[in-house]
Number of protein chains: 2
Amino acid sequence: MSSLRDVAERAQVAVSTVSAALNGTRPVAAATKRRIEQAAAELGYRPNLLARGLQSKRTRILALLFPTPAGGFGHTEMLFATGAAEAAKELGYHLLLSPESADPVDELRHLTGLGLVDGVLLMEVRLDDERTEFLSAAGVPFAMIGRTREPDAIDHADIDFAATARDAVAHVAGLGHRELAFFNLSPGRYAESYGPAARMAGEFATAAREAGLGYADGFRPGSAEEGRQAFERLMAERPGVTALAVADDHAAAGVLAGVAARGWRVPEDLTLVLVLSSARAAAMFHPSLTTLEPPSAELGRLGARMLIDRLQGDGPPRQRLVPCRLVPGGSSGPPRAGS
Amino acid sequence: MSSLRDVAERAQVAVSTVSAALNGTRPVAAATKRRIEQAAAELGYRPNLLARGLQSKRTRILALLFPTPAGGFGHTEMLFATGAAEAAKELGYHLLLSPESADPVDELRHLTGLGLVDGVLLMEVRLDDERTEFLSAAGVPFAMIGRTREPDAIDHADIDFAATARDAVAHVAGLGHRELAFFNLSPGRYAESYGPAARMAGEFATAAREAGLGYADGFRPGSAEEGRQAFERLMAERPGVTALAVADDHAAAGVLAGVAARGWRVPEDLTLVLVLSSARAAAMFHPSLTTLEPPSAELGRLGARMLIDRLQGDGPPRQRLVPCRLVPGGSSGPPRAGS
DNA sequence: CTGAAAGCGCTAACAC
DNA sequence: GTGTTAGCGCTTTCAG
């Protein structure tokens with residue numbers, strides 16, 4: 001690999017001039033600059049990021065910290081990562097994938113001590129997240145995909161749960177439904193303090209109330225079997241429910257089984273909406289499910305951009321909430337007769 | 001951040017001694033060593049990876065090159081990445097997530113020219129892959145998850161398609177089936193030269209022949225609708241088929257719809273096996289599908305380990321083939337009567 | 001507008 | 001066993 005010095009020799013100038021010409025750090029005569037650029041091109045010169053980083057204290061590398069939930073990784077998490085990596089790349093940054101171990105804070109201490117990364121992108125943020133405290137205290141720039149309980153001071157991109165719930169409620173209300181139920185993510189898969197689960201439930205209740213719809217929640221099935229059972233219980237307790245929003249793919253499959261077991265059909269007898277899941281998953285069902293798809297790739301992208309933005313200059317916290325996208329499927333219809 | 005010099009001062013020794021003590025590069029008196037380690041601990045010293053890399057030409061960073069297929073990323077690809085990242089971490093390496101653009105070779109030229117990465121991990125390798133040629137020519141260490149047409153000289157970890165096909169065939173043959181069909185990945189989603197699609201079809205044919213089973217293939221549905229149509233066509237052409245292996249999730253959903261439309265049921269009237277898909281996806285079906293789940297995380301892990309192994313020392317090509325894991329589901333049963 | 005020189009934090013000869 | 005020293009390739013004063 002050729003170095004700055006090689007370029008300098010070939011262009012008959014000093015290294016500092018080459019550096020300046022290539023980085024635009026200071027004015028360079030047009031003729032000199034052209035000579036330098038040509039020499040660089042001829043040699044196929046690439047700046048050595050290590051040397052540059054060592055000197056400038058900026059590596060243009062971001063770390064994406066990802067936990068390894070027992071339940072395995074979802075499509076959503078994948079999209080955070082790819083979205084963030086793409087946005088980083090577009091802005092001339094690199095993304096380091098950093099798996100979290102048992103002690104995330106220690107992990108972070110280690111990672112940030114290496115001088116390798118300029119900033120950190122946090123995902124799977126919990127309502128109370130020790131990682132944010134550490135990073136703030138350590139003065140390491142970071143941004144969150146998701147948010148803590150009190151996120152006002154921190155850069156973040158998250159789902160707009162309120163708008164999402166309103167959209168979902170408006171969707172079913174527009175079809176004529178008067179009573180809606182919501183099956184949240186199971187408490188087993190995620191701790192109670194998992195933001196999306198906590199927020200989605202609250203926002204659904206609010207949106208239903210504001211729309212004047214009957215509303216039932218408190219169900220948290222985490223598997224197909226639990227989904228079927230929850231559905232049966234729901235129908236026993238609230239026979240008037242004609243629309244159901246479900247947050248877990250597997251639970252939704254169970255609900256469909258329960259619907260079939262009753263001799264019912266979707267969407268004739270029940271409108272079923274999948275929330276916080278991918279349209280890809282929804283397309284595997286029959287009929288395909290109406291979905292509120294989280295803007296995962298965009299959140300990843302936004303997170304990376306915010307972080308880079310923050311690294312380049314200071315300013316007030318950057319924050320963005322993006323609603324899920326409503327993807328209509330074959331599972332939405334008017335309420336069943338006789339309800 | 002404290003540096004080697006700080007530690008040296010505090011321990012009253014020379015920097016080189018600290019370096020030696022901490023890296024074990026040369027013998028250091030036990031007492032001195034302890035003093036140094038204590039000083040380092042007290043200062044919370046972390047070696048600066050950039051400085052180390054600049055000097056030693058080894059950054060302990062690997063790049064995982066991942067393409068961004070239009071169809072979006074699957075669970076499988078995600079597991080490659082997380083598996084690789086975890087293995088890398090265990091061995092003291094970092095993983096850079098590097099999205100591929102339109103021109104992968106140019107991308108690679110850029111990435112490897114930066115001096116940032118010690119080696120490259122390739123995924124979604126095609127039978128003829130220009131990236132491998134570039135990397136070989138450039139002398140950049142690399143390993144593949146997947147493999148080219150002629151992979152003998154290159155480190156790689158891939159699915160053992162032959163064993164996987166044999167397992168699948170043995171599974172259905174053991175249940176008493178005499179005639180099997182295979183729906184491959186759609187040609188639209190992947191180019192013809194996509195390894196798994198190409199290899200799986202061949203191995204299924206071989207395994208069926210060796211087991212003395214009737215065999216039908218040539219179907220490549222890429223959506224639920226195409227899956228249903230393919231199933232109907234299959235039944236028209238080969239009414240004796242009682243077991244079906246499908247490589248695409250959505251196509252499998254379509255097959256189930258086709259089965260229902262005939263008034264049939266799974267597994268009573270058709271044994272359905274999902275291949276190369278996740279057990280997670282299979283659990284969303286009713287009944288849950290028997291799956292041949294690719295060992296994606298393990299392949300990622302193996303790939304990273306091979307690459308690191310290669311970086312540490314030379315030797316013959318490292319190569320590992322791992323069969324898919326058969327996860328029995330509710331979609332397997334004896335062949336229907338009258339066939 | 002350009003060049004010379006210092007030094008980022010570390011490793012690796014090479015002396016002692 | 002330990003210390004001294006010369007860079008790795010770059011950015012960044014500081015002179016000219």
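Computed from a predicted structure; not experimentally measured. Below, chains carry the letters A, B, ... as their sequence lines are ordered, and counting in each starts from 1.
- In this structure, the nucleotide among C:dG3, C:dC10, C:dT2 sitting nearest to the side chain of A:A29 is C:dT2.
- The residue B:S3 sits close only to the backbone: its heavy atoms come under 4.0 Å of sugar-phosphate atoms, none of a base.
- Protein atom CD of A:E9 is 15 Å distant from nucleotide atom C1' of C:dG3, rounded to whole Å.
- Close to D:dC10, at under 4.0 Å from its OP1 or OP2, lies no side-chain N or O of A:S56.
- Surrounding CD of A:Q312 are more than 12 heavy atoms belonging to other residues, nucleotides or ligands, all under 6.0 Å away.
- With a 6.0 Å radius and a threshold of 12 heavy atoms from other residues, nucleotides or ligands, A:R58 has its CZ atom above the threshold.
- Residue A:R35 contributes atom CZ, which lies 8 Å from atom P of C:dT2 at whole-angstrom precision.
- Atoms CG (B:D6) and P (C:dG9) sit 8 Å apart, rounded to a whole Å.
- You'll find the side chain of B:L311 stays beyond 4.5 Å of the side chain of B:R60, heavy atoms only.
- Listed pair B:S16 / C:dT11 fails the phosphate criterion, with no side-chain N or O lying under 4.0 Å from OP1 or OP2.
- Rounded to whole Å, the distance from CD1 on A:I36 to C1' on C:dG3 is 12 Å.
- A distance of 9.0 Å separates CG of B:L65 from CG of B:L121, quoted to the nearest 0.5 Å.
- Atom CG in B:L50 sits about 14 Å away from atom C1' in D:dT11, given to the nearest Å.
- Between the CZ atom of B:R199 and the CG atom of B:D160 there is a distance of 11.0 Å, given to the nearest 0.5 Å.
- In this structure, OH of A:Y45 is placed 7 Å from C1' of D:dG9, rounded to the nearest angstrom.
- Dashed line: the shortest gap from a side-chain N or O of A:K57 to OP1 or OP2 of C:dG9 is under 4.0 Å.
- From B:L79, atom CG reaches atom CD of B:E77 across 9.0 Å, with rounding to the nearest 0.5 Å.
- In this structure, B:R109 pairs ionically with B:D106, as a charged nitrogen and a carboxylate oxygen lie closer than 4.0 Å.
- Side-chain proximity of A:R52 to C:dT2, D:dT11, C:dC10: nearest is D:dT11.
- Summarising the geometry, the separation between CG on A:L114 and C1' on C:dG9 is reported as 13 Å, rounded to the nearest angstrom.
- Nearest nucleotide to the side chain of B:L54, out of C:dA5, D:dC8, D:dG3: D:dC8.
- Mapping B:Q12 and A:L4 onto DNA chain D by nearest heavy atom places B:Q12 at the nucleotide closer to the 5' end.
- Within residues 17-28 of chain B, the residues that have a heavy atom under 4.0 Å from DNA chain D are, in order of number, B:T17, B:R26, B:P27, B:V28.
- Under 3.5 Å, the side chain of A:Q55 and the base of C:dG7 form at least one donor-acceptor pair of N or O atoms.
- One can place CZ of B:R5 at 13 Å from P of D:dT4, the figure rounded to the nearest angstrom.
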